[in-house]
Amino acid sequence: MLAIPAANGIECYMISFRRGELIIEELRKFLKEKNIDAGVFTSGIGSFDICNLHAITSTGLPPVDKYYNLEGPVEVGSLGGSVAGGEPHIHVVVSDPPNDKVYVGHLEPGSRCCYRVEVGLIAFKGVKTTRVTDEKTGLIDIVEA
């Protein structure tokens, strides 16, 4: 286990996306503009009209993912994640009401706000991190940079 303290304090944000905005792409811009390298997404709600995500399909190594591209009304039931190296990593639970299905996975670029998406972010001031991939296992970990 690795615990990275926010020794220099935190900054908190409520981020509200508007109709038509791309979630991952806008977050990348915001994180760069605010010079946020590390943090956590505490919560999120809203709706998408396009939702791209992937989920694991096995317990073997390296991990194998399945990708989903949902269009139409998609309701966000839960959203959380982290920021490492200035890059957002978000997990979502979403429902696809027209098809009566629920999906859980990692939010991908191209996911677009339908009516509103609201996200809480706690940014760790002065903390530098990165994600590294273990060549043997394919697993990705956060480490201090």
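Separation of atoms CG (Leu121) and SG (Cys12) is listed at 8.0 Å; rounding is to 0.5 Å. Taking NE2 of His106 as the start and NE2 of His89 as the end, the distance is 5.0 Å to the nearest 0.5 Å. From Cys51, atom SG reaches atom CD of Glu75 across 11.5 Å, with rounding to the nearest 0.5 Å. Atoms OG1 and CD1, from Thr130 and Ile140 in turn, are 10.5 Å apart once rounded to the nearest 0.5 Å. Atoms CD and CZ, from Glu118 and Phe17 in turn, are 10.5 Å apart once rounded to the nearest 0.5 Å. A distance of 8.5 Å separates OG1 of Thr57 from NZ of Lys66, quoted to the nearest 0.5 Å.
Hydrophobic clustering, with ILVMFWY side chains joined whenever heavy atoms are under 4.5 angstrom apart, keeps Ile50 apart from Ile24. Residues Ile90 and Val83 fall within the same hydrophobic cluster, defined by Ile, Leu, Val, Met, Phe, Trp and Tyr side chains chained together at heavy-atom separations under 4.5 Å. Note on Phe48 and Tyr103: same hydrophobic cluster, where clusters join Ile, Leu, Val, Met, Phe, Trp and Tyr whose side-chain heavy atoms are under 4.5 Å apart, directly or indirectly. Under the 4.5 Å side-chain heavy-atom criterion for ILVMFWY residues, no single connected hydrophobic cluster contains both Val127 and Phe30. Cluster membership check: Val40 shares its hydrophobic cluster with Leu2, using side-chain heavy-atom separations under 4.5 Å among Ile, Leu, Val, Met, Phe, Trp and Tyr.
Closest non-hydrogen pair, Leu27 versus Pro88, comes out as CB-CG, 4.2 Å. Considering all non-hydrogen atoms of both residues, Pro63 and Leu139 come closest at CG-CD2, 3.8 Å. Shortest non-hydrogen contact noted between Glu108 and Leu53 is CG-CA, 3.9 Å. The shortest non-hydrogen separation linking Asp134 to Thr137 is OD1-N, 2.9 Å. Of all the heavy atoms in Asn52 and Asn69, the pair that sits closest is OD1-ND2, 2.7 Å. Closest of all the heavy-atom pairs between Glu87 and Leu31 is C-CD1, 4.5 Å.
Partners of Phe41 by ring pair (Phe, Tyr, Trp, His ring centres under 6.0 Å), not counting sequence neighbours: none found.
Screening Val76, Val119, Ile15, Val117 for a side chain to side chain contact (heavy atoms under 4.5 Å, CB included) involving Ile23 leaves a single residue, Val117.
Salt bridge annotation for Arg112-Asp49: present, with a cationic side-chain nitrogen under 4.0 angstrom from a carboxylate oxygen. Using a 4.0 Å cut-off between charged side-chain N and carboxylate O, Glu26 and Lys29 make a salt bridge.
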- Stepwise, does the side-chain contact (heavy atoms from CB on, under 4.5 Å) test hold for Val94 with Tyr68? CA-CA 12 Å; Val94 297; Tyr68 300 90; over 6 Å; no

- Step by step, work out the side-chain contact (heavy atoms from CB on, under 4.5 Å) result for Arg18 and Cys113. CA-CA 6 Å; Arg18 301 299 189 247; Cys113 176; 5.7 Å; no

- When you look at Tyr13 and Ile36, which way does the side-chain contact (heavy atoms from CB on, under 4.5 Å) test go after all the steps? CA-CA 11 Å; Tyr13 298 92; Ile36 298 170; 3.8 Å; yes

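At distances below 3.5 Å, at least one donor-acceptor pair connects side-chain atoms of Thr129 with backbone N or O atoms of Gly85. At distances below 3.5 Å, at least one donor-acceptor pair connects side-chain atoms of Ser47 with backbone N or O atoms of Tyr115.
By the 6.0 Å contact criterion, CG on Leu61 is enclosed, its count of non-hydrogen atoms from other residues, nucleotides or ligands being greater than 12.
At a threshold of 4.5 Å between non-hydrogen side-chain atoms, the residues Ser95 and Lys101 do not count as touching.
With hydrogens and angles left out, the side-chain atoms of Arg131 and Thr133 include no donor and acceptor closer than 3.5 Å.
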